[in-house]
Enquirer: 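Encoded as structure tokens, here's the structure I'll be asking about.
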Amino acid sequence: MASERSYLGYATAAVAVAAIPLSFVGPEGLRLAVIGLLMLAGPGTALVLLLRFAPTRSARATGALPLAIAVAIAFSLAMSTLVATAMIYARLWAPPAGVCILSAVTLAFLGLALKRPQRVEVRAK
Amino acid sequence: MTRETAASLPERTSNRHETGARDGSVKPPTHRNLGLTPSWHVGALAAAGAAALALGVWSMTQVDPLLIGGAGLIGALPPAYFIALALSLAGFVTSLSLRRLVPSLLTWQVLVTVVILDGADPIIHGLPRLEASFRHLGIADTIAQSGQLDSNLDAYFSWPGFFSLLGMLSGATGAKDLMGLATWAPIGINLLLLAPLLALARRLTANPRQAWAAVWIFYLASWVGQDYLSPQAYSFVLMLTLIACLLSVFGGWAWPTERTRFSRWLARNVTKLDGAVPRQGVLDLPRTDAAALVVVCALFLLAMTASHQLSPFAVIPILAAMLLTGRLRLRFLPVLAVLLPVGWLLFAASTFLQGHFGQLFGSLGDIGANSLGALSNRVSGSDAHLLVVYTRMAEVALVWILAAVGAFVGYRRKAPWLAAAAGAVAPLVLIPLQSYGGELLLRLYLFSLPFAVCLTVLPLMSDKSAGVGLKRALGLLVMGAVLATTTVVSRYGNDSMESFSEDEIAVVNHLYSTAPTGAILIEAVRNTPWRFQHYADYDYRALLAAEPGPNAPPLSCDAVNQIAHNAGAYLIVTQSQQNAAELRGSAPAGGLHSFVTTCAANPGWTKVFENSGGVIFHIGGVKNGK
């Protein structure tokens with residue numbers, strides 16, 4: 001299970017890092033896929049990994065896995081919305097900068113998750 | 001560990017799964033110890049699902065959109081579609097009946113059902129459903145290009161959250177056209193709903209099998225069609241996640257139940273009605289993680305508030321209901337849920353509030369007008385459309401009756417039911433506020449559906465975690481088949497007016513290439529797939545609303561001439577406008593055709609473009625400007 005978490009973390013980090021240059025330049029289809037994925041699930045997946053909403057066996061058996069997926073998606077969408085809306089109201093509209101903020105949040109959460117002691121786990125029943 | 005101790009549990013519990021896990025004496029009944037199911041059973045069911053998917057998609061590609069009439073899509077669907085639907089329904093029920101619960105198989109079966117039931121827009125039409133989808137694309141495009149809000153333009157700019165999100169996606173990827181996203185939105189949004197629905201149902205039902213059945217029923221009974229690219233669909237995802245998260249992590253009483261007379265009375269009665277409520281397990285996070293999740297929940301509320309007018313207000317009574325049934329221990333959250341949308345209305349949406357005060361509060365307290373009055377306004381139009389409207393009403397009634405029966409069964413069986421019932425009923429307290437443009441009842445049905453379906457499955461599902469027996473499985477299949485067939489009628493009943501053709505899009509594109517910026521563009525009936533670009537660049541007008549109104553003026557050439565009197569105007573009449581007028585009865589049969597024929601002969605009217613999707617006229621003004 002720890003390896004599943006690691007792979008998920010690496011994949012999330014890869015998307016977050018790739019989104020930064022792609023928010024400025026790149027083929028439209030690739031930009032849409034990577035940035036779309038970041039906005040849909042990036043910061044939320046990192047948050048869920050930080051909070052130990054891991055897809056462990058016990059989580060799968062007790063329903064924590066759907067909750068973890070739901071929180072990952074909803075938090076990513078909410079963060080993307082709030083960043084975009086804040087840029088509008090602050091009259092600082094710069095979509096690539098917004099994507100960079102989301103990438104930074106994602107990477108920050110992943111960094112915190114790495115630093116966190118492994119023994120802290122969600123106990124689900 | 002759950003927050004409840006094993007000692008506090010009564011001897012008889014409705015949830016053996018969780019009890020066993022708590023006291024450690026029994027192995028939790030996961031898929032590993034519920035008995036063996038041969039792998040080929042799982043493989044065969046997955047293959048049956050794949051066959052249903054292939055047949056369903058193929059059958060939809062065979063539909064001729066020209067055959068879609070007043071009763072909607074059902075008249076144009078080939079028999080193969082219904083075979084595919086039946087196969088997918090049987091596949092899900094059989095998968096649910098296996099001794100071993102296989103979540104991946106159930107997910108696959110639900111996915112197949114979602115594509116068959118909700119895939120008509122991308123597969124049959126290849127274009128987004130509803131003219132509102134096109135408008136939403138236009139608002140996102142405007143924001144992406146300008147990065148500014150024009151609150152005087154319309155209400156959307158006072159709740160710009162969702163459109164800012166789309167604008168950021170468009171702006172950061174260089175994708176100017178999000179039409180594909182809008183076309184596939186019904187399938188995408190329903191798939192996004194799966195995880196929060198399942199997480200919520202898991203907290204409202206006795207075991208995972210009931211939860212899966214409830215989620216399946218949700219998809220079969222969700223006919224309202226708000227799952228297009230819209231702020232309400234987005235907010236619905238956040239809302240379900242918020243409530244699932246709160247029930248999972250922050251369950252329990254918000255105050256000591258022995259503190260006051262009222263709290264004692266409340267706790268006693270809640271326990272009497274549904275003793276299973278406090279026994280429901282919750283996730284036990286470390287304190288810092290729980291605090292972080294509180295912030296996350298507040299962010300969900302804020303994002304919803306910035307995106308949609310109604311959804312945040314629907315959350316308030318649901319949270320209050322959970323608080324009063326001992327399922328939410330964060331007492332400040334309902335308060336925050338009130339403060340955020342009210343604060344937004346007063347400060348961020350003040351321009352809208354000033355201009356629409358009467359509209360917002362004019363029908364405050366008028367329960368009759370907001371409920372039955374709004375409902376009766378929808379019972380109009382052609383005979384075929386009336387059949388669709390009555391089918392919708394029957395489906396809503398069926399779901400509510402089944403939910404009421406389920407609540408009674410849950411009470412008798414001492415299964416969890418109260419929280420689901422409270423969540424299902426709570427949104428109805430919004431009825432006295434306003435009619436929400438006549439759509440309030442539709443929206444309330446959608447808000448209550450995730451809770452109601454947890455009750456509808458109770459009579460047909462055991463509280464034990466073991467598989468479903470043959471009789472119960474057949475009952476579930478019959479219920480699913482009735483709801484799914486009804487939903488094909490109710491969801492796609494307006495298909496002739498809500499879906500559009502490539503020809504109509506070509507007419508609109510020609511209009512934009514012809515009319516100069518700032519020109520007046522007139523639609524005969526408010527049902528045109530336009531404004532997906534140049535949202536703020538033209539003066540858009542409509543002669544008739546799609547739904548009939550008591551004071552609606554008849555279609556006349558004079559009305560157009562009057563609008564075009566000064567600087568001229570362009571009139572667009574499309575096939576879906578004609579379908580809308582005939583379906584909803586806003587114009588007499590053939591009225592739009594005779595309007596076009598008569599007016600075309602008027603002096604100053606010039607036909608600019610015509611194809612099978614519609615026609616464009618230019619009407620010269622006094623200044624003879626374009």
Side-chain angles (χ1 to χ4, degrees), chain A residues 19 22-26 28-36 39-40 44 47 50-53 57-75 77-89 91-99 120-125, chain B residues 1-2 17-18 21-22 28-31 103 143-144 146-149 160-162 164-165 167-175 192 194-199 202-203 208 211 234 237-238 240-242 244-245 248-249 281-286 289 292-293 296 299-300 302-304 306-307 348:
Chain A
L22 286 172
S23 65
F24 295 96
V25 67
E28 188 185 303
L30 183 64
R31 295 171 76 186
L32 202 55
V34 173
I35 294 172
M39 291 171 71
L40 182 69
L47 175 84
L50 175 64
L51 296 184
R52 306 297 185 190
F53 264 114
R57 286 189 190 283
S58 63
R60 192 170 292 153
T62 56
L65 181 60
L67 181 66
I69 296 171
V71 169
I73 291 171
F75 181 72
L77 290 174
M79 278 298 295
S80 305
T81 302
L82 293 174
V83 167
T85 309
M87 286 195 300
I88 293 272
Y89 279 103
R91 298 185 180 276
L92 295 170
W93 182 244
V99 170
V120 183
E121 291 285 342
V122 171
R123 290 165 295 172
K125 289 289 181 288
Chain B
M1 288 285 289
T2 56
H17 172 169
E18 291 175 355
R22 270 188 295 265
T30 63
H31 58 277
I143 289 177
S146 69
Q148 291 182 353
L149 304 173
F162 174 71
S164 307
L165 171 77
M168 188 162 85
L169 178 68
S170 171
T173 60
L192 286 183
L194 178 58
L197 277 171
L198 195 57
R202 189 63 195 91
R203 289 294 134 219
Y234 162 82
V237 174
L238 294 194
L240 292 186
T241 306
L242 169 74
C245 187
S248 300
V249 183
V282 293
L283 297 179
D284 192 7
L285 292 177
D289 287 10
L293 265 187
V296 167
L299 290 178
F300 290 163
L302 186 60
M304 255 192 288
S307 300

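Chain letters run A, B, ... following the sequence lines, proteins first and then strands; every chain starts at 1.
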Enquirer: Would you mind telling me which of A:Leu47, A:Leu50, A:Leu51 makes a side chain to side chain contact (heavy atoms under 4.5 Å, CB included) with B:Asp289?
Expert: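 Result: among A:Leu47, A:Leu50, A:Leu51, A:Leu51 is the only option passing the side chain to side chain contact (heavy atoms under 4.5 Å, CB included) with B:Asp289.
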Enquirer: Which one wins on heavy-atom pair count under 4.5 Å against chain A: B:Ala199, B:Gly161, B:Pro196, B:Ser164?
Expert: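 The answer is B:Ser164.
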Enquirer: Hey, does A:Leu67 have a side-chain heavy atom less than 4.5 Å from the side chain of B:Cys245?
Expert: yes
Enquirer: Once you round to the nearest 0.5 Å, how far does CE of B:Met168 lie from CD1 of A:Ile88?
Expert: 10.5 Å
Enquirer: Does any non-hydrogen side-chain atom of A:Leu40 lie less than 4.5 Å from one of B:Leu192?
Expert: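 Yes, at least one pair of side-chain atoms sits under 4.5 Å.
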Enquirer: What pair of heavy atoms forms the shortest contact from B:Tyr234 to A:Ala78, and how long is it?
Expert: OH-CA, 3.7 Å
Enquirer: Could you tell me which of B:Ala292, B:Ala306, B:Gly167, B:Ser146 has the largest number of non-hydrogen atom pairs under 4.5 Å with chain A?
Expert: B:Gly167
Enquirer: Specify the closest pair of heavy atoms between B:Ala172 and A:Pro96, including all atoms of both residues, with the distance to one decimal.
Expert: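 Heavy-atom minimum between the residues: CB-N, 4.2 Å.
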Enquirer: Output the option from B:Leu197, B:Val296, B:Val237 having the highest count of non-hydrogen pairs under 4.5 Å with chain A.
Expert: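 Max contact count across the listed options: B:Val296.
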Enquirer: Supply the atom-to-atom distance B:Phe162 CZ to A:Thr85 OG1, rounded to the nearest 0.5 angstrom.
Expert: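 Between atom CZ of B:Phe162 and atom OG1 of A:Thr85 there are 11.5 Å.
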Enquirer: Testing the basics here: between A:Ser80 and B:Leu165, what is the closest heavy-atom pair and its distance to 0.1 Å?
Expert: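 So the two residues come closest at CB-CD1, 3.2 Å.
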Enquirer: Side chain, backbone, both or neither: which part of A:Ile73 has an atom under 4.5 Å from a heavy atom of chain B?
Expert: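 For A:Ile73, side-chain heavy atoms alone lie under 4.5 Å from chain B.
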Enquirer: Please tell me if the side chains of A:Leu32 and B:Leu169 come closer than 4.5 Å, counting only heavy atoms from C-beta onward.
Expert: yes
Enquirer: Between B:Leu242, B:Leu240, B:Leu198, who has the most heavy-atom pairs with chain A when the cutoff is under 4.5 Å?
Expert: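 Sorted descending by pairs with chain A, the first entry is B:Leu198.
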Enquirer: Kindly compute the distance separating CG (A:Leu82) from CG (B:Leu299), expressed to the nearest 0.5 Å.
Expert: 6.0 Å
Enquirer: Shorter than 4.5 Å, heavy atoms on both sides: which option in B:Gly171, B:Ala244, B:Ala175, B:Ala348 has the most such pairs with chain A?
Expert: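 Top count of heavy-atom pairs under 4.5 Å with chain A: B:Ala175.
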Enquirer: Given heavy-atom pairs under 4.5 angstrom as the criterion, report whether the side chain, backbone, both or neither of B:Ser307 touches chain A.
Expert: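 For B:Ser307, the side chain is the part near chain A, not the backbone.
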Enquirer: At what distance, to the nearest 0.5 angstrom, does CG of A:Leu22 lie from OG1 of B:Thr173?
Expert: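 Nearest 0.5 Å value for the CG-OG1 distance: 10.5 Å.
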Enquirer: Quick one: closest heavy-atom pair of A:Trp93 and B:Ile143, and the distance?
Expert: NE1-O, 3.4 Å
